[in-house]
Every structure is written in structure tokens, then in C-alpha cells.
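Presented below is the structure to which this report refers.
Along the sequence shown, residues are numbered consecutively beginning with 1. Both counts, for ligands and for their atoms, begin at 1 and track the order of listing.
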Amino acid sequence: MKGSEGNGVKLVVAGGAGFIGSNFIRYVLGAREDWRVVNVDKLTYAGNLANLKGLESDDRYRFIRADICDAPRIEEIVSTERPDAIVNFAAETHVDRSISDPALFLRTNVLGTQVLLETARKLEVARYVQISTDEVYGSLGKEGKFSEGSPLRPNSPYAASKTAADLLVRAWFKTYGVPGIVTRCSNNYGPFQFPEKIIPFFITLLHEDKQVPVYGDGMNVRDWIHVDDHSRAIEAVILRGQPGEVYNIGGGNERTNIEITKLLLSAMGKPESMMKFVPDRPGHDRRYAIDDAKTRRELGVAPRVPFEEGLRETVRWYLENEAWWRAVKSGEYLKFFDLWYTREGRT
Ligand code: NAD
Ligand code: TYD
């Protein structure tokens with residue numbers, strides 16, 4: 001990347017209107033005064049320009065509405081913008097939705113990635129970063145952790161589509177020399193997460209005095225990382241990551257779903273009777289745990305946000321931003337886009 005300090009980097013960020021993408025854009029424009037970001041997002045149900053409110057007036061930032069599966073449009077955008085790197089967050093991301101509509105996941109997550117890789121190849125983009133997930137490794141028993149060399153054993157349609165995308169990045173590197181890098185991160189939490197994922201889903205339910213549905217026996221384990229720690233790691237990958245490599249990113253913070261639920265109940269002053277057990281998710285992975293030694297060693301980055309503190313702040317954020325999640329839950333924000341954004345005649 002442009003010098004070892006990464007001066008004046010221009011990014012095309014695909015999927016920057018979702019949870020992690022929007023937090024990353026805010027983070028990177030805050031941390032790097034001379035970086036520029038072009039956010040390319042289709043604005044599906046999960047994409048929301050309210051996540052980026054305030055950046056419209058920042059001349060280092062631009063939004064373009066486009067589908068990563070639309071090859072001519074993506075090529076036109078990348079050939080006009082001439083970025084130093086493409087960072088791909090765009091995806092269908094919810095495991096439960098992938099169980100009911102797998103075809104959509106294959107279209108966006110696999111074909112969309114192929115379109116971006118092909119564009120990077122044709123237009124000789126200097127870096128391509130694929131934001132992937134620990135779910136590609138499948139499920140662990142009580143012992144061990146996923147390292148970058150662990151076998152890929154996805155169990156849900158979502159995880160299988162993300163795995164396919166990772167393998168495309170590898171193939172485009174080996175065959176065509178596209179300088180692709182894959183990051184595999186564990187479960188993120190923080191502000192602006194769509195309230196279908198467990199933490200914001202439960203916070204918003206509890207706020208409405210509704211019971212929260214814990215799948216199965218609630219003993220499934222996830223490794224939670226604050227989204228800002230993920231953003232810092234992606235910045236390090238853009239600056240110091242090596243093409244052809246995979247980097248694991250984790251929080252070093254394993255929790256059962258029951259523990260998460262109890263922490264949320266306590267933070268919101270609700271009794272344990274608000275927790276109800278419901279039938280398990282099919283193919284539900286038992287445990288994820290990340291070995292991030294390579295990322296720490298080679299990129300010099302590690303998580304910083306203590307979990308209890310990050311979770312408390314996240315609960316506070318949802319309580320203080322009720323208008324945001326109410327609009328998201330009602331689908332209002334989609335109408336908002338159609339009404340004013342397209343009327344303004346923007347792209
Ligand atoms: P999200 O669902 O909140 O956001 C996805 C974004 O992609 C939305 O803005 C959506 O509009 C956009 N998008 C979807 N289809 C598109 C298309 N065809 N063209 C252009 N844009 C499209 O997801 P997230 O939680 O922010 O996850 C972002 C990325 O990080 C995903 O690739 C996901 O697999 C990965 N990841 C997520 C987690 C997590 O805990 N959330 C953990 C590890 C990795
Ligand atoms: P989720 O937030 O959907 O993320 P992922 O499946 O990508 O890890 O789920 C996190 C964990 O919480 C997972 O073990 C499933 C569980 N879960 C529930 O128990 N109840 C729920 O309503 C949801 C959405 C998830």
C-alpha cells in the first residue's frame with residue numbers, strides 16, 4: 001500500500017451501510033485524516049444510511065448505491081474512482097435467513113465476490129480485502145481454537161457461501177495474481193447492529209418487556225469482539241497484510257448464549273423469567289474460538305475493549321437511540337431513502 005504509513009489511501013468499501021462497514025468507515029475517517037472512502041452499497045434491508053449520518057458533508061466520503069453482482073456498474077465505479085484498495089463487507093449475513101432463503105446468499109456472497117475480484121483483476125487494484133468470518137471453520141468441541149490453517153467445514157448456507165467466497169479470493173490470487181487478503185473475524189457487537197442478531201435483538205425485546213428466545217440449551221459459545229477492535233484490525237490488514245494470506249481476528253472472549261442473556265438481563269434490570277428456551281436452530285454450531293496469534297504477531301494489532309464495558313456501552317447506545325432501531329424494525333428507513341435520496345437525483 002502507498003508507502004508503509006499508508007498516506008492518502010482511497011478505499012472502495014462495499015457494503016459500508018451495514019453494521020460493521022459503517023462502523024469501519026466512521027473509524028477509519030476518524031483515525032486517518034487523509035484517507036478517502038467511496039461506499040458502494042445496494043441498501044438491502046440491512047443497509048441503512050442513517051448509520052453514516054453526519055458524513056454526508058465530509059468531502060472525503062461518498063456514497064454510491066449499487067449491487068456488487070452488477071458487473072458493468074461495479075467496473076464503471078472502480079474505473080472512475082481508481083481506489084488503492086477494495087474492502088468487501090457486502091453480504092447477506094444472518095444465519096437464520098440463510099436457512100430459509102439460501103439462494104440469495106449464494107448470489108450476493110459468492111457471485112458478488114467474484115464480480116469484485118474480476119474487477120480488481122481487470123483494473124489492477126493494488127489490494128483486495130475480503131471480510132470473512134470464523135463460521136467458515138465450522139464448529140468446535142470443548143477444546144481447541146480455529147487457526148488460519150484449520151479445515152474449512154461450514155455448516156450453514158451462510159457459512160458455506162462465505163467459505164466459497166474465501167476460496168475465490170485464494171483462486172484469484174493464485175491464478176491471476178489478484179492481491180487478495182481474507183480476514184476471518186468472530187462475532188461482533190456494538191452500535192448500529194441490525195436487531196436480528198442476538199445482542200441488539202434481545203436488548204430491543206427486553207426494552208419492550210418481551211421474553212427473549214434462547215435457542216436449544218443456550219450453551220453454544222461465541223467469541224465476542226467489539227466492532228471497533230475489528231475495524232482497527234482491518235486497518236492494520238490494509239496497511240500491513242500480505243497478499244494471499246488469511247488473518248484471524250478474535251476477541252479472546254468466549255461466552256455461552258446464556259451468559260450473554262444474563263448479562264443483558266442484569267444490565268437492563270430484568271428478571272431471569274424473561275429468558276425462554278425455544279427449539280434449536282438447525283445445524284447450530286456449538287462453539288467458535290479464534291486463535292489470533294498470527295494477526296497479533298504479523299500485524300501488531302490486538303483487541304482493546306473489555307467485554308463487560310463494551311456491552312454496557314452498547315446497551316446504553318440502544319437505549320439512547322431508540323428512534324434508530326424502531327425505524328429499522330418497522331422498515332421506515334427504507335422508505336426514507338426512496339423518498340429523499342433518489343428524489344435528490346443522486347446516484
Ligand atoms: P450487515 O448485514 O449489517 O450489512 C451488510 C451490508 O451489505 C448492508 O449494508 C447491505 O445493504 C449490503 N449488501 C448486501 N447485499 C449487497 C449487494 N448485493 N451489493 C451491495 N451491497 C450489499 O452485515 P455485517 O454484520 O455488517 O457484516 C459485514 C461483513 O462482515 C459480512 O461480510 C459478514 O459476513 C462479515 N462478518 C460479520 C460478523 C458479525 O458478527 N456481524 C462477524 C464476522 C464477519
Ligand atoms: P447470531 O447473532 O445470529 O450470530 P451467529 O449465528 O452468526 O453466531 O447468533 C449468535 C448466537 O445466539 C447463536 O448461537 C444463535 C443464538 N441466538 C439465540 O439463541 N436466539 C436468537 O434469537 C438469536 C438471533 C440467536
Problem set entry | ligand 1 to Gly18 polar contact by distance, N or O atoms, under 3.5 Å | yes
Exercise. Side chain, backbone, both or neither: which part of Thr108 has a heavy atom under 4.0 Å from ligand 1?
Worked result: side chain
For this session: Would you mind running through ligand 2 and noting each atom that sits below 4.0 Å from a heavy atom of Glu196?
Result: 24 (C)
For this session: Would you kindly specify which portion of His284 sits under 4.0 Å from ligand 2, judged on non-hydrogen atoms: side chain, backbone, both or neither?
Result: side chain
Exercise. Is there a path from Leu55 to Phe63 through hydrophobic residues (I, L, V, M, F, W, Y) whose side chains come within less than 4.5 Å of each other?
Worked result: yes
Exercise. Given Asp280, Asn220, Thr261, Asn257, which has its nearest heavy atom closest to atom 11 (C) of ligand 2?
Worked result: Asn257
Problem set entry | Arg326 and Glu208 ion-paired at < 4.0 Å | yes
For this session: Output the list of atoms in ligand 1 that are nearer than 4.0 Å to some heavy atom of Asn187, sorted by atom number.
Result: 40 (O)
Exercise. Considering only protein heavy atoms, which is closest to atom 28 (C) of ligand 1, and at what distance to one decimal place?
Worked result: Phe89 O, 3.4 Å
Exercise. For ligand 2, which atoms have a heavy atom of Phe201 less than 4.0 angstrom away?
Worked result: 22 (O)
Exercise. Should Lys197 be counted as touching ligand 1, given the test is an N or O pair under 3.5 Å?
Worked result: no
Problem set entry | Lys294 and Glu245 ion-paired at < 4.0 Å | yes
Exercise. Which is closest to atom 5 (P) of ligand 2 in terms of heavy atoms, Met219, Glu135, Met275, Gln193?
Worked result: Glu135
For this session: Could you list the atoms of ligand 1 found under 4.0 angstrom from a heavy atom of Ser186?
Result: 42 (C), 43 (C)
For this session: Can you pull out the closest protein heavy atom to atom 25 (C) of ligand 2? Residue, atom name and distance to 0.1 Å, please.
Result: Tyr215 CE1, 3.6 Å
Seminar exercise, completed: Within 4.0 Å of some non-hydrogen atom of Ala17, the atoms of ligand 1 are 9 (O)
Exercise. Checking Lys197 against Phe19: charged group under 6.0 Å from the ring centre and within 45 degrees of the axis?
Worked result: no
Exercise. Do any nitrogen or oxygen atoms of Asn48 lie less than 3.5 angstrom from nitrogen or oxygen atoms of ligand 1?
Worked result: no
Exercise. Of Ser156, Pro154, Pro157, Ser132, which meets side chain to side chain contact (heavy atoms under 4.5 Å, CB included) against Lys162?
Worked result: Ser132
Exercise. Is the shortest side-chain N to carboxylate O distance from Glu235 to Arg32 below 4.0 Å?
Worked result: yes
For this session: Considering the heavy atoms of His94, write down every atom of ligand 2 situated less than 4.0 Å from one of them.
Result: 3 (O)
For this session: Return yes if some donor-acceptor pair links the side-chain N/O of Asp41 with the main-chain N/O of Ala90 below 3.5 Å, else return no.
Result: no
For this session: Give the numbers and elements of all ligand 2 atoms closer than 4.0 Å to a heavy atom of Val214.
Result: 19 (O)
Problem set entry | Region of Phe19 engaging ligand 1 - heavy atom pairs below 4.0 Å | both
Exercise. Which atoms of ligand 1 have any heavy atom of Asp67 under 4.0 Å away?
Worked result: 17 (C), 18 (N), 19 (N)
For this session: Determine, for Arg107 against Glu92, whether the closest basic-nitrogen to carboxylate-oxygen distance falls under 4.0 angstrom.
Result: no
For this session: Assess Arg222 against Tyr288: is NZ or CZ under 6.0 Å from the centre of the six-membered ring, and within 45 degrees of the ring's axis?
Result: yes
Problem set entry | Atom of Glu272, atom of Leu265 and distance for their closest heavy-atom approach | CA-CD1, 3.9 Å
Problem set entry | Atom indices of ligand 2 within 4.0 angstrom of Val95 heavy atoms, with elements | 6 (O), 7 (O)
Exercise. So, Lys270 and Asp209, do they make that salt bridge, N to O below 4.0 Å?
Worked result: yes
Exercise. Residues sharing Ile225's hydrophobic cluster, by side-chain heavy-atom contacts under 4.5 Å among ILVMFWY, directly or via others?
Worked result: Ile249
For this session: Below 4.0 angstrom from a heavy atom of Ala66, which ligand 1 atoms are there? Numbered from 1 as shown, please.
Result: 19 (N), 20 (C)
Problem set entry | Distance from atom 43 (C) of ligand 1 to nearest protein heavy atom, with residue and atom | Cys185 O, 3.3 Å
Exercise. Of the backbone atoms (N, CA, C, O) and the side-chain heavy atoms from C-beta on, which set of Tyr158 has a member under 4.0 Å from an atom of ligand 2: side chain, backbone, both, or neither?
Worked result: neither
Problem set entry | Identity of the nearest option to atom 4 (O) of ligand 2, non-hydrogen atoms only, from Asp96, Asn187, Asp134 | Asn187
Problem set entry | Test side chain to side chain donor-acceptor pair (under 3.5 Å) applied to Arg184 and Asp166, Asp134, Thr133, the passing residue | Asp166
For this session: Step through the shown structure and confirm whether more than 12 heavy atoms of other residues, nucleotides or ligands are within 6.0 Å of NZ on Lys145.
Result: no
Problem set entry | side-chain contact (heavy atoms from CB on, under 4.5 Å) evaluation trace for Arg232 with Arg304 | CA-CA 10 Å; Arg232 273 187 280 275; Arg304 293 184 197 165; 3.5 Å; yes
Exercise. So is there a nitrogen or oxygen of Thr44 less than 3.5 Å from a nitrogen or oxygen in ligand 1?
Worked result: yes
Exercise. Does the pair Asp67/Lys42 count as a salt bridge with the N-to-O cut at 4.0 Å?
Worked result: yes
Exercise. At under 4.0 Å between heavy atoms, which part of Val212 makes contact with ligand 2: side chain, backbone, both or neither?
Worked result: neither
Exercise. When you measure from atom 10 (C) of ligand 2 to every protein heavy atom, which one gives the shortest distance, and what is it?
Worked result: Ile198 CG2, 3.7 Å
For this session: Have a look at ligand 1 and work out which part of Tyr158, if any, has a heavy atom under 4.0 Å from it: side chain, backbone, both or neither.
Result: side chain
Problem set entry | Ring centre gap for Trp325 and Phe194 strictly below 6.0 Å | no
For this session: Please check if Tyr158 and Leu111 belong to a single hydrophobic cluster, counting links between Ile, Leu, Val, Met, Phe, Trp and Tyr side chain heavy atoms closer than 4.5 Å.
Result: no
Exercise. For Asn188, is at least one N or O under 3.5 Å away from an N or O on ligand 1?
Worked result: yes
Problem set entry | Proximal ligand 1 atoms for Thr93, defined as those under 4.0 Å from one of its heavy atoms | 1 (P), 2 (O), 23 (O), 27 (O), 31 (C), 33 (C)
Exercise. For atom CZ of Arg97, is the number of surrounding heavy atoms from other residues, nucleotides or ligands below 6.0 Å larger than 12?
Worked result: yes
Exercise. Hey, is Lys162 touching ligand 1 through its side chain, its backbone, both or neither, going by heavy atoms under 4.0 Å?
Worked result: side chain
Problem set entry | Heavy-atom nearest neighbour in the protein, as seen from atom 44 (C) of ligand 1, with distance rounded to 0.1 Å | Ser132 O, 3.0 Å
Seminar exercise, completed: The answer for which part of Ile20 has a heavy atom under 4.0 Å from ligand 1 is both
Exercise. To which of Ile68, Val115, Asn51 does the heavy atom nearest atom 19 (N) of ligand 1 belong?
Worked result: Ile68
For this session: Identify which of Val227, Asp41, Ile249 has a heavy atom lying nearest to atom 12 (C) of ligand 1.
Result: Asp41
Exercise. Between Arg222 and ligand 2, is there a nitrogen or oxygen pair with a distance under 3.5 Å?
Worked result: yes
Seminar exercise, completed: Quick look: Leu43 vs ligand 1, heavy-atom contacts under 4.0 Å, and the answer is backbone
For this session: Verify the neighbour count for atom CZ of Arg281: are there more than 12 heavy atoms of other residues, nucleotides or ligands below 6.0 Å?
Result: yes
Problem set entry | Region of Ala14 engaging ligand 1 - heavy atom pairs below 4.0 Å | neither
